[in-house]
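Everything numeric in this text was worked out from a predicted model, so none of it was measured. In each ligand, atom 1 is the first atom listed, and ligand 1 is the first ligand listed. Only this structure's heavy atoms are used, side chains among them; waters, hydrogens and symmetry mates stay out. Residues: numbered from 1 along the sequence shown.
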Amino acid sequence: AVRSSTPLVQCITNSVAVNTTANALLALGAAPAMVDLPEEAGGFAAAASGLLVNLGTPGAEHRAAMRAAVAGATAAGTPWVLDPVAVGSLPVRTELAAVLSDAGPDVVRGNASEVLAVAGAGAGGRGVDATDDAEAAADVAAELAVRTGAVVAVSGPVDVITDGRDTVRVRNGHVHLTRMTGGGCALGAVIAAFAATGPDRLASTVAAVLTYTVAAELAAERAAGPGSFAPAFLDALSVVDGAVLDARASLA
Ligand SMILES: Nc1ncnc2c1ncn2[C@@H]1O[C@H](COP(=O)(O)OP(=O)(O)OP(=O)(O)O)[C@@H](O)[C@H]1O
Ligand SMILES: Cc1ncsc1CCO
Ligand SMILES: [Mg+2]
């Protein structure tokens, strides 16, 4: 459905991951648009198929663009994904994530530390990357889903995806994804692309994570390390299909 509909995905994302994210969407068959000016972001979000709001390098202009884009997406019913990068101890993005997670995102996507922090459970001086165990955040993620109405996708060696009622675990993936910058950030954009294909947010998010992590496995078979993994991953995103997913999926 992503390939046949070519969803237009607006990304307000960080300056590190912008190129990786655009290339991942193109490889998958979606259309990226990094429209991140405050004066343009709201109108564009109303017309886009999906929106990513990623807090990785949230300068003042980006923050204004995020507010405008969320308002435009909300008014038009455009699905949007919040990636609360490195929230927890950094004050500006942590406050921003609290506001945005209450603004009705369709999906909140982060690693375990970030999801715990957005849920207000990341206390106690826990470092931003102190845990990569998504399972440890599963209950908190489900509570966050119920409170916000969002599907919550926690990434890690096993990804946990929940709408607060049903929870799906995706065991696919490869550690090279964590050694390529933007490995999590591009996943947020891919989740937005899949959200544009239909109203079932849990199903579209599981499909996005499964596609992404199976592509990583295909790429790892051809890669000598994280450097050659990155282009192999784009190649794999462009060929992975339903038959490969059926053969490779490790869901629980
Ligand atoms: N140890 C691991 N083994 C296999 N796959 C992993 C592992 N850790 C993460 N992944 C996969 O990597 C992808 C990105 O998840 P990760 O948890 O690294 O995001 P992140 O911490 O937000 O990344 P970023 O550095 O871009 O912010 C997900 O698809 C996840 O399945
Ligand atoms: C390295 C880095 N720093 C801020 S955002 C980002 C991309 C990975 O999250
Ligand atoms: Mg991240």
Within less than 4.0 angstrom of ligand 1, does Val85 place any heavy atom?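 Not so, Val85 does not reach ligand 1.
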In terms of relative ring orientation, are Phe233 and Phe229 parallel, tilted or perpendicular, with 30° and 60° separating the classes? parallel
Quick one: are Gln10 and Thr78 in side-chain contact, heavy atoms under 4.5 Å? no
Sort out for me which residue in Val190, Leu28, Val206 forms a side chain to side chain contact (heavy atoms under 4.5 Å, CB included) with Thr211.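 With Thr211 as partner, side chain to side chain contact (heavy atoms under 4.5 Å, CB included) holds for just one option, Leu28.
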For the pair [X] (side chain) and [Y] (backbone), establish whether a donor and an acceptor sit closer than 3.5 Å, ignoring hydrogens and angles.
X	Y	result
Tyr212	Gly183	yes
Trp80	Thr74	no
Thr197	Ala1	no
Arg63	Pro58	yes
Thr162	Ala141	no

Polar contact flag for [X] and ligand 1 (N/O pairs, less than 3.5 Å):
X	value
Tyr212	no
Asp159	yes
Gly184	yes

Has Asp139 got more than 12 heavy atoms of other residues, nucleotides or ligands less than 6.0 Å from its CG? no
Arg222 CZ: over 12 foreign heavy atoms closer than 6.0 Å: no
Among the heavy atoms of Cys185, does any lie under 4.0 Å from an atom of ligand 2? yes
Residue selection (non-hydrogen contact nearest [atom]) among [options]:
atom	options	value
atom 11 (C) of ligand 1	Asn54, Thr20, Leu177	Leu177
atom 5 (N) of ligand 1	His174, Arg109, Arg171	His174
atom 29 (O) of ligand 1	Val209, Thr213, Asn14	Thr213
atom 10 (N) of ligand 1	Gly173, Ser155, Gly156, Gly182	Gly156

Could you see which bit of Val170 sits under 4.0 Å from ligand 1, with heavy atoms only: side chain, backbone, both or neither? neither
Under a 4.0 angstrom heavy-atom cut-off, which atoms of ligand 1 come close to [X]?
X	value
Cys185	26 (O)
Gly183	14 (C), 26 (O)
Asn111	17 (O), 20 (P), 21 (O), 22 (O)
Leu187	28 (C), 29 (O)

Closest approach of any protein heavy atom to atom 4 (C) of ligand 2, naming residue and atom: Gly56 O, 3.5 Å
Note the single closest protein heavy atom to atom 6 (C) of ligand 2, along with its residue, its atom name and the distance in Å.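 Minimum-distance protein heavy atom for atom 6 (C) of ligand 2 reads Val16 CG2, 3.7 Å.
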Kindly compute the distance separating CG (Leu82) from CD (Glu114), expressed to the nearest 0.5 Å.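 Here the rounded value is 10.0 Å.
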List ligand 2 atoms under 4.0 Å from Val85, heavy atoms only on the residue side. 9 (O)
